[in-house]
Amino acid sequence: MFQLSPQSFDLVYHSGATEGINTFFKGLSFQYFKDQKKLCFFFSTVDHACVYNLKDSLEVFGHTVEYFGVDATGNFNKDELIKKMLEKKSQGFALALNFTYINNETGIVWPLVLAEEIKKSTGAFVHVDAVQLVGKIKDWKKLAPSLDAYTFSGHKFGSLKGQGFTFIKKHTPIAPLVIGGNQQSGMRAGTENAAAIYSLKLALSEFEESFDSEELKKAKTYIEDSLSHFVGNKGEIVGHKNPNRNLNTIFLLLKGLKSDLVSARFDLLGMDVSTGSACSSGVIKENRILMNMGHSEEDSKSAIRLSFSPFMTRSDAEIYTKKIESALSQLLK
Ligand code: PLP
């Protein structure tokens, strides 16, 4: 299904991307520590928390973590990043990069060719966070064989929860995170969850058979155009100007409106939207991704994420849009 050769890649099943990503980066870090060599990891300021928060655990082994930023459209400067990476290489560090193919908050896509160019110029280990890939863009099955690893989470495309997988290039120097028996060639000990693995197969087959990216694109364009018109200057679609975005996420910033208030309106209509996380006192926290794209703290608390079904049709989109507009109409008065 995915276009990677089993001769070149191992497939490791695990409990989901958090574990897969920990396995890749901590595994590299531990192996290099054992070999008394130093790594410099490059993560972006808009990576998922399971990448972003690894810094302390990796630096304990004497390695270094550097963050690279993005602009208001969610893009990073490839040449600047390569320059920084080569500087570290000249100081004796081996290099590792996390490349988030599709951002989970904004839906912004970093074309895979950028990761291939970075790999070619720097020789870094490149891990692709592919959690948001399946059914989110037309070419979701195309993976570049020059890169070192790809991690997926099943529940993002309809399998049972708590099941994911990573393709890891053979002979990548990774010390396993979970030690025990020799399951999965020792890459991840413990008995595999066969039923959940089977559900991955079923969910992926459904996408392979039924996913219609052209129809989804029509649906998204309709929703987005209607919403842009509806909210006018009271809001904006984050990253709207970026031509590389997925087909089913709209991150909507509604100026001056707190996202918890907005989500309560959606709740009343039986619609689920994501907002920034609340801290223990129930206050909405600033959104790291938006802040790192240059938005103010206040604006970063005013965004909601609409993620609709990858099987949405153009006619479903009309009903969906009407519901959104009805949830927002009172608030935008
Ligand atoms: N990476 C991205 C881009 C994600 O969206 C998520 C989950 O939302 C993860 C990693 C972590 O996945 P999981 O919660 O399945 O471990």
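Position 1 is the first residue of the sequence, and the numbers go up from there. In each ligand, atom 1 is the first atom listed, and ligand 1 is the first ligand listed.
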Parallel, tilted or perpendicular: ring planes of [X] versus [Y], cut at 30 and 60 degrees:
X: Phe76; Y: Phe99; result: perpendicular
X: Trp140; Y: Phe211; result: perpendicular
X: Phe30; Y: Phe33; result: parallel

Note to self: So if I count the atoms of ligand 1 from 1 in the order they appear, which ones are less than 4.0 Å from some heavy atom of Ala17?
What the structure shows: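 Answer for ligand 1: 10 (C), 11 (C), 12 (O), 13 (P), 15 (O), 16 (O).
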
Next item on the list: Show which atoms of ligand 1 fall inside a sub-4.0 Å distance from at least one heavy-atom site of Lys156.
Entry: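 Close to Lys156: 7 (C), 8 (O).
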
Tell me which protein heavy atom sits closest to [atom], plus the residue, atom name and distance to 0.1 Å.
atom: atom 5 (O) of ligand 1; answer: Gln132 NE2, 2.8 Å
atom: atom 16 (O) of ligand 1; answer: Thr18 OG1, 2.6 Å
atom: atom 15 (O) of ligand 1; answer: Ser153 OG, 2.5 Å
atom: atom 1 (N) of ligand 1; answer: Asp129 OD2, 2.7 Å
atom: atom 4 (C) of ligand 1; answer: His48 CD2, 3.3 Å

Check: Taking the non-hydrogen atoms of His155, is any one of them nearer than 4.0 angstrom to ligand 1?
Finding: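 Judged by the 4.0 Å heavy-atom criterion, His155 does count as contacting ligand 1.
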
Check: Closer than 4.0 angstrom: is that true for some heavy atom of Cys50 and an atom of ligand 1?
Finding: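 Within the 4.0 Å threshold, so yes.
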
Item checked: Closest approach of Ala175 to Gln31 (non-hydrogen atoms, all atoms of both residues) ->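 So the two residues come closest at CB-OE1, 3.7 Å.
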
Check: Counting both backbone and side chain atoms, is some N or O of Thr100 under 3.5 Å from an N or O of ligand 1?
Finding: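 Between Thr100 and ligand 1, no N or O pair is found under 3.5 Å apart.
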
Note to self: With respect to Glu19, determine whether any N or O atom, backbone or side chain, lies less than 3.5 Å from an N or O atom of ligand 1.
What the structure shows: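 Checking ligand 1 against Glu19, no N or O pair falls under 3.5 Å apart.
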
Next item on the list: Check each of Val131, Val134, Leu200, Asp129 against Ser153 using the side chain to side chain contact (heavy atoms under 4.5 Å, CB included) test, and report the only one that passes.
Entry: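 Going through Val131, Val134, Leu200, Asp129 one by one, the side chain to side chain contact (heavy atoms under 4.5 Å, CB included) with Ser153 is satisfied by Val131 alone.
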
Next item on the list: Check the pair Phe152, Phe2 against side-chain contact (heavy atoms from CB on, under 4.5 Å), reporting the backbone distance first and the verdict last.
Entry: CA-CA 12 Å; Phe152 295 81; Phe2 291 103; 3.8 Å; yes

Checklist line | side chain to side chain donor-acceptor pair (under 3.5 Å) partner of Asp47, chosen from Asn53, Asn103, Asn292, Thr100 | finding: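 With Asp47 as partner, Asn53, Asn103, Asn292, Thr100 yield a single side chain to side chain donor-acceptor pair (under 3.5 Å), made by Thr100.
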
Checklist line | Reference residue Glu105; test side chain to side chain donor-acceptor pair (under 3.5 Å); the match among His48, Gln132, Arg288, Arg305 | finding: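 Of the listed options, the one satisfying the test is Arg305.
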
